Amino acid sequence: MRLSNYFLPLLKETPSEATIASHRYMLRAGMVKQDSAGIYIWLPLGFKVLKKIEKIVREEQNKAGAVEILMPTIQSSSHWKETGRYDAYGPEMLRIKDRGDRELLYGPTNEDMITDMFRTYVKSYKDLPQTLYHIQWKFRDERRPRFGVMRGREFLMKDAYSFDVDLESARLSYNKQFVAYLNTYDRLGLKAIPLRADTGPIGGDLSHEFLILAETGESKVYCHSDLLDMEAPGSVMEKDLQEVVDSRTSFYARADDMHDQSKFDEIPKDKQVVARGIEVGHIFQFGDKYSKPMNANVQGANGRVSPVMMGSYGVGVSRLVGGIIEASHDENGIVWPKSVTPFGVGIINLKVGDDDVDRVCEELYEIFEKSGIEPLYDDKNDRGGQKFARMDLIGLPYQIIVGPRGLKDGIVEVKVRISGEKKELSFEDAVNYIISEYEV
RNA sequence: CGGGGCGUAGCGCAGCCUGGUAGCGCACCUGUUUUGGGAACAGGGGGUCGCAAGUUCGAAUCUUGCCGCCCCGACCA
């Protein structure tokens, strides 16, 4: 993409409402524009990142054996009345009436709808287990939306729903998602901690929330530091993932609402971590909570009919955009992990109109376009300082700086955003270096 | 939902107390000189002062009502 053709409305000054880094930088870097409280327009740069995160979430869901569907944003109240949640959910649910005075709602979650769908098709244990997911916009009429996309009213969520014949099988479905979550966050460049969680209004028996550490996190976290040092499990072939799950859950890790100081004190002092975190995922195992009232029953091998055992698994995709920035920024702007960066490399032309500089930039641009690295070429006729500040703000992992001064000696400069390190390299070395950095 | 506050150009703000032709910085446009870490100078465009009613010769300014938004706390991807 050439910057001269792009829509990138940057702000030099910080809008007054933004108090945390991710919100400030998302506004300043032209990623989002607020339209009303907790509702945002996704501008090109923000949308690109959102889509990249969505893609990684999708790939990891597919790897875990989940199957993608798409449910509507607008739901009928009927399923919610069947489960009793129409009354229980409260004012967070946006209720709408259509022209026929029918009660509709903008979905805050989809257990009720998917349970209804599932029961019409599946009657036998032979069609189980099954996990379905979708990535869809949700609306929750939060009392106080804030922190930009971190707590919007409208937000993009991946929600998966598992269906099993019994609790033993349901445990395996839960474990698959647990492992998929660890891998997902790892690919997003995040260190996520699974915490034993309260089951909240969705309800159920077993639940973990996943937090990423950030100073501005809304939750206080107490955990064992070894948990933070663990690598993502990657693709695990064994059928029963219990060992992998146990290897994480055996460490003490609680948010303050579930905190037990005496157990925390048992951890060696130098391994105790007290930090703040942002919730970026939550998984639940809730058995027959919805299947029972909705008569979503399946017949087992023994011929007995019983409610299908369910779980649900949420990842806040739009929240992750903010979460990643919270976890990865400095005083100059965002520092994107390579996996979600909106563009792979920024090309800075320090003297637009200079034949040699223009030519080298164009060659670089073409090479990176072809190699799929997606360059953002700053071909605007601005001063160097402005270009440097701009590129730092939007946070691409690598910058190639091309100017007449370096070109005279046959070199271009490569800047690594995260460290600030600058390398003076030949054209070929610069290209090879960037390309090799993106090879898996 | 309790507490606090704000609405004046795209963004950041002053003006309001004490009513009298709407201002500053950034951004934007034109020109000149510049150009390797957010350039300088000169000129210029952009506003129903959140909306409505009222008081007044006259309202951004005073009064009332409404709408919107933010911040701090208690609750949630």
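Keep in mind it's a predicted model, so treat the numbers as computed, not measured. Quick note on labels: first sequence line is chain A, next is B, and so on, each numbered from 1.
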Exercise. How is A:Val280 classified with respect to the nucleic acid when contacts are heavy atoms under 4.0 Å: base, sugar-phosphate, or nothing?
Worked result: sugar-phosphate
Exercise. Using a cut-off of 4.0 Å on non-hydrogen atoms, how would the nucleic acid contact of A:Gly281 be classed: base, sugar-phosphate, or nothing?
Worked result: sugar-phosphate
Problem set entry | B:U61 pairs with, by Watson-Crick or G-U criteria that keep both distances under 3.5 Å | none
For this session: Assess whether atom NZ of A:Lys415 is packed by more than 12 heavy atoms of other residues, nucleotides or ligands within 6.0 Å.
Result: yes
For this session: For A:Leu156, report the nucleic acid contact type (base, sugar-phosphate, nothing); a contact means any heavy atom under 4.0 Å.
Result: nothing
For this session: Give a yes or no on whether a donor-acceptor pair under 3.5 Å exists between the nucleobase atoms of B:G37, that is its base, and the side chain of A:Lys422.
Result: yes
For this session: Look at all strands and tell whether A:Arg28 reaches a base, only sugar-phosphate, or nothing, counting heavy atoms closer than 4.0 Å.
Result: base
Problem set entry | A:His259 and A:Tyr222 aromatic ring geometry - parallel, tilted or perpendicular at 30°/60° bounds | parallel
Exercise. Relative to the ring of A:Phe251, is the ring of A:His224 parallel (under 30°), tilted (30 to 60°) or perpendicular (over 60°)?
Worked result: tilted
For this session: Give a yes or no on whether a salt bridge exists between A:Arg119 and A:Glu82, defined as a side-chain N under 4.0 angstrom from a carboxylate O.
Result: yes
Problem set entry | Base-pairing mate for B:U55 - Watson-Crick or G-U, with both contacts under 3.5 Å | none
Exercise. How would you label the contact of A:Glu17 with the nucleic acid (heavy atoms, under 4.0 Å): base, sugar-phosphate, or nothing?
Worked result: sugar-phosphate
Seminar exercise, completed: Testing B:C69, B:C71, B:A77 for proximity to the side chain of A:His282, the answer is B:A77
Exercise. Is B:G37 paired to anything, Watson-Crick or G-U wobble with both distances less than 3.5 Å, and if yes, which nucleotide?
Worked result: none
Seminar exercise, completed: In whole angstroms, the gap separating C1' of B:A77 from CD of A:Gln61 amounts to 13 Å
Exercise. Looking at A:Gln75, A:Lys97, A:Lys81, A:Arg95, which hits side-chain hydrogen bond (donor to acceptor under 3.5 Å, both in side chains) with A:Glu103?
Worked result: A:Lys81
Exercise. Under a 4.0 Å N-O cut-off, is there an ion pair linking A:Arg319 with A:Glu326?
Worked result: no
Problem set entry | B:A74: pairing nucleotide in any strand, Watson-Crick or G-U under 3.5 angstrom | none
Exercise. Heavy atoms under 4.0 Å, any strand shown: does A:Pro108 hit a base, just sugar-phosphate, or nothing?
Worked result: nothing
Problem set entry | Candidates B:G12, B:G36, B:A74 - which lies nearest the side chain of A:Arg144 | B:A74
Problem set entry | Watson-Crick or G-U wobble mate for B:C17, both contacts under 3.5 Å | none
For this session: Could you tell me whether A:Arg390 and A:Asp382 make a salt bridge, using a distance below 4.0 angstrom between a side-chain N and a carboxylate O?
Result: yes
Exercise. Under 4.0 Å between a side-chain N/O of A:Gln386 and OP1 or OP2 of B:U35, yes or no?
Worked result: no
Problem set entry | Base-pairing assignment for B:U30 (Watson-Crick or G-U wobble, both under 3.5 Å) | B:A42
Seminar exercise, completed: Side-chain atoms of A:Leu350 come closest, of B:C69, B:G36, B:A77, to B:G36
For this session: For B:C11, take OP1 and OP2 only and decide whether either is under 4.0 Å from a side-chain N or O of A:Thr14.
Result: no
For this session: Remember a base hit wins even if backbone is also touched, and classify A:Glu92 as base, sugar-phosphate or nothing at under 4.0 Å, heavy atoms.
Result: nothing
For this session: Select base, sugar-phosphate, or nothing to describe what A:Asp392 touches, counting heavy atoms under 4.0 Å on all strands.
Result: base
For this session: Consider the side chain of A:Lys12, meaning its heavy atoms from C-beta on, and name the nucleotide among B:G36, B:G38, B:C72 that approaches it most closely.
Result: B:G38
For this session: Using a heavy-atom cut-off of under 4.0 Å over every strand shown, decide if A:Gly323 touches base, sugar-phosphate, or nothing.
Result: nothing
For this session: Mind checking A:Lys415 for me? I need base, sugar-phosphate or nothing, with any heavy atom below 4.0 Å counting as a touch.
Result: base
For this session: Name the closest nucleotide to the A:Arg383 side chain, picking from B:G25, B:U35, B:C71.
Result: B:U35
For this session: Could you check which nucleotide pairs with B:A9 in any of the strands shown, counting Watson-Crick or G-U wobble with both distances under 3.5 Å?
Result: none
Exercise. Can you check the A:Ile401 CD1 to B:U35 P distance for me, whole Å?
Worked result: 19 Å
For this session: Could you check whether A:Glu279 gets within reach of a base, just the sugar-phosphate, or nothing at all, counting any heavy atom under 4.0 Å?
Result: sugar-phosphate
For this session: Indicate, with a heavy-atom threshold strictly under 4.0 Å, whether A:Glu413 touches base, sugar-phosphate, or nothing.
Result: base
For this session: Whole angstrom is fine here: how far is it from CZ in A:Arg146 over to P in B:C72?
Result: 7 Å
Seminar exercise, completed: Atom OH of A:Tyr185 and atom C1' of B:A77 are separated, to the nearest Å, by 9 Å
For this session: Decide if the gap between the ring center of A:Tyr6 and the ring center of A:Phe343 is smaller than 6.0 angstrom.
Result: yes
Seminar exercise, completed: note: A:Met391, atom CE; B:G36, atom P; distance rounded to Å ~ 17 Å
Exercise. Of the nucleotides B:G36, B:A77, B:C75, which has the atom closest to the A:Phe388 side chain?
Worked result: B:G36
Seminar exercise, completed: In whole angstroms, the gap separating P of B:A39 from CZ of A:Arg390 amounts to 11 Å
Exercise. Nearest-Å distance, CD (A:Glu331) to P (B:G38)?
Worked result: 15 Å
Exercise. What's the CG-C1' distance between A:Leu27 and B:C11, to the nearest Å?
Worked result: 11 Å
